Amino acid sequence: MILYPTGILSEVGLIYIALPYIKVSEKYFVKMPNKWNFSFDYFYTCAIAIGVYVPGGPHMFTYMLAQRKKALSKAKTA
């Protein structure tokens, strides 16, 4: 139960630490104009991912606890 929150915090922390490098390097960026008329900014994608992790982390953790409880209760009855 300690590993799941640790993993979430590690992922968020590593993305946060990488944000300045991503902004400067412009890796995985697609800028306009191009033949697809499409633009993609990896920096903002990572920032959105951090924003989703913050409210989504507790939800994922409680879902994991419910699945764990269900799996362990089946093991006891079998």
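The basis for the numbers below is simple: all heavy atoms, side chains too, and nothing from hydrogens, waters or symmetry mates. Owing to the predicted nature of the structure, the values given are computational and were not obtained by experimental measurement.
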Backbone of Phe38 reached by a side-chain donor or acceptor of Asn34 within 3.5 Å: yes

Minimum heavy-atom distance between Gly51 and Pro55, given as atom pair plus value: O-CD, 2.8 Å

Leu19-Val52 co-clustered via ILVMFWY side chain contacts under 4.5 Å: no

Pairwise distance SG(Cys46) to OH(Tyr28) - rounded to 0.5 angstrom: 10.5 Å

Phe43 side, atom CZ; Ser25 side, atom OG - distance, nearest 0.5 Å: 11.0 Å

Name every donor-acceptor pair, under 3.5 Å, that has one atom in a side chain of residues 2-16 and the other anywhere in the protein, sequence neighbours excluded.
unit_1	atom_1	unit_2	atom_2	d
Thr6	OG1	Ile2	O	2.7
Ser10	OG	Thr6	O	2.8
Glu11	OE1	Tyr53	OH	2.1

Side chain to side chain contact (heavy atoms under 4.5 Å, CB included) evaluation trace for Met32 with Asn37: CA-CA 6 Å; Met32 297 273 290; Asn37 285 332; 4.2 Å; yes

Distance (rounded to the nearest 0.5 Å) between Lys31 NZ and Asp41 CG: 8.0 Å

Side chain to side chain contact (heavy atoms under 4.5 Å, CB included) assessment of Ile22 paired with Phe29: CA-CA 9 Å; Ile22 293 168; Phe29 281 46; 4.1 Å; yes

Separation between CE of Met1 and CE of Met64, rounded to the nearest 0.5 Å: 7.5 Å

